Amino acid sequence: MIRVIIAAADSAQRKALEVLLLQNESIALSAVTDSGRELLNLLDSQPPDVLLVGQELADRSGVQMLSELRGTPFLRPDAVFAFCGGGTGSFQILLNAMEQPPAEELNLAAPGLAVHQADWWGPVPYRRLVADFLFALGIPANVKGYRYLMWSLEQIRQDPELLNLLTKALYPMVGRQFKTKDGAAERAMRHTISTAFRHGDQTVWGSYFPSCAHGKKPTNGEFLAGAHEALRMMAERTNTSD
């Protein structure tokens with residue numbers, strides 16, 4: 001029997017997933033909550049085999065929740081799933097994945113859905129932390145801008161001075177890495193940020209980029225600087241490796 005806990009702020013999402021899970025005789029729904037604080041108590045008292053975390057909880061974002069949970073001694077489920085949208089088709093993919101958990105991190109072809117294999121015995125790769133962060137903002141992994149942003153954030157972690165040298169250094173570096181022109185790299189990143197901001201959860205964006213709380217789309221520089229700072233603080237709270 002697979003023990004499952006659901007944690008998500010969206011009541012409709014919780015209910016839809018709960019109904020679907022209860023149709024599977026091999027799954028036992030241990031608890032349902034919208035609170036990260038309550039989830040921590042639940043995990044301490046009744047650790048599940050599988051944890052389903054929404055993009056938003058009542059008191060923190062899903063990516064913040066996952067960052068807090070990584071490396072904790074009391075949570076060692078077979079897999080941790082982060083989901084934020086889609087209909088029951090997305091949930092069905094979750095169920096299929098639960099039966100055959102992926103050997104490594106995997107992005108599935110479903111709206112706003114990602115699956116992460118837990119690795120509680122070792123440090124969390126910084127690249128996975130970046131992937132969680134971009135996912136929480138609604139940036140899909142199948143676009144060029146995602147790859148450019150992820151790679152750029154990894155470089156900025158090594159050399160924060162790049163934040164002051166976007167045109168002179170960072171964009172040319174991205175161009176060389178991905179065999180494209182500097183301007184094309186800049187435009188792809190800008191388009192990806194703009195699209196995700198326009199269609200994403202404004203509460204999540206506002207929590208990481210204060211200017212977004214007033215509906216202002218961040219520039220490439222503002223995005224990279226804000227993302228770098230958010231990721232730096234997340235990495236300090238987690239067991240993070242290069």
Side-chain angles (χ1 to χ4, degrees), residues 55 60-68 70-71 82 104-105 107 114 116 119 122-242:
Q55 186 180 14
R60 66 202 73 188
S61 71
V63 70
Q64 289 173 324
M65 188 77 253
L66 291 176
S67 295
E68 290 179 44
R70 285 209 173 99
E104 57 186 21
E105 182 172 317
N107 288 312
H116 305 278
D119 180 9
V124 178
Y126 188 74
R127 186 177 182 83
R128 181 180 294 180
L129 204 62
V130 178
D132 283 348
F133 180 80
L134 296 179
F135 169 74
L137 294 174
I139 298 177
N142 62 342
V143 297
K144 289 185 293 185
Y146 172 94
R147 298 190 294 276
Y148 298 172
L149 289 169
M150 172 172 279
W151 190 83
S152 294
L153 287 166
E154 290 178 301
Q155 306 315 303
I156 290 169
R157 186 195 186 200
Q158 302 300 323
D159 182 9
E161 182 61 23
L162 288 171
L163 287 169
N164 299 318
L165 300 168
L166 298 186
T167 301
K168 292 183 177 180
L170 183 63
Y171 295 146
M173 289 169 61
V174 174
R176 288 192 296 272
Q177 174 68 20
F178 294 95
K179 296 179 173 57
T180 188
K181 295 181 179 180
D182 306 2
E186 184 276 333
R187 286 191 298 274
M189 294 163 71
R190 174 159 42 88
H191 176 73
T192 297
I193 293 169
S194 177
T195 301
F197 176 74
R198 191 165 58 250
H199 298 290
D201 188 322
Q202 296 302 303
T203 301
V204 176
W205 279 83
S207 67
Y208 294 117
F209 307 96
S211 63
C212 293
H214 305 292
K216 178 180 178 293
K217 176 182 70 67
T219 64
N220 285 6
E222 290 170 338
F223 178 89
L224 291 169
H228 170 67
E229 180 61 17
L231 289 164
R232 184 189 64 78
M233 292 188 291
M234 290 179 194
E236 288 179 354
R237 295 196 301 267
T238 60
N239 183 21
T240 304
S241 72
D242 291 332

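Keep in mind it's a predicted model, so treat the numbers as computed, not measured.
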Strictly under 6.0 Å, is that where the ring centroids of Tyr208 and Phe133 end up?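 Judged by ring-centre distance (under 6.0 Å), Tyr208 and Phe133 do meet the cut-off.
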Between Glu222 and Lys216, is there a side-chain N and carboxylate O pair less than 4.0 Å apart?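 Judged by the 4.0 Å cut-off on N to carboxylate O distance, Glu222 and Lys216 do form a salt bridge.
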Sub-4.5 Å side-chain heavy-atom contact between Leu224 and Leu170: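 Result yes, sub-4.5 Å side-chain heavy-atom pair found.
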Kindly write out the residues that satisfy side chain to side chain donor-acceptor pair (under 3.5 Å) with [X], not counting sequence neighbours, or none if the list is empty.
X: Arg60; result: Glu68
X: Gln177; result: none
X: Ser194; result: Arg198
X: Arg190; result: Glu186

Do Trp205 side-chain atoms and Leu137 backbone N/O form a donor-acceptor pair below 3.5 Å?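 Yes.
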Tell me whether Glu229 contacts the main-chain N or O of Gly226 through its side chain, where contact means a donor paired with an acceptor under 3.5 Å.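 The answer is no, because no donor-acceptor pair under 3.5 Å joins these two groups.
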Sequence neighbours excluded, which residues qualify as side chain to side chain contact (heavy atoms under 4.5 Å, CB included) partners of [X]?
X: Pro172; value: Arg176, Asp182
X: Thr192; value: Ile139, Val143, Leu149
X: Asn164; value: Glu161

For Tyr148, what residues pass the ring pair (Phe, Tyr, Trp, His ring centres under 6.0 Å) criterion, not counting sequence neighbours?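 Listed in chain order: Phe178.
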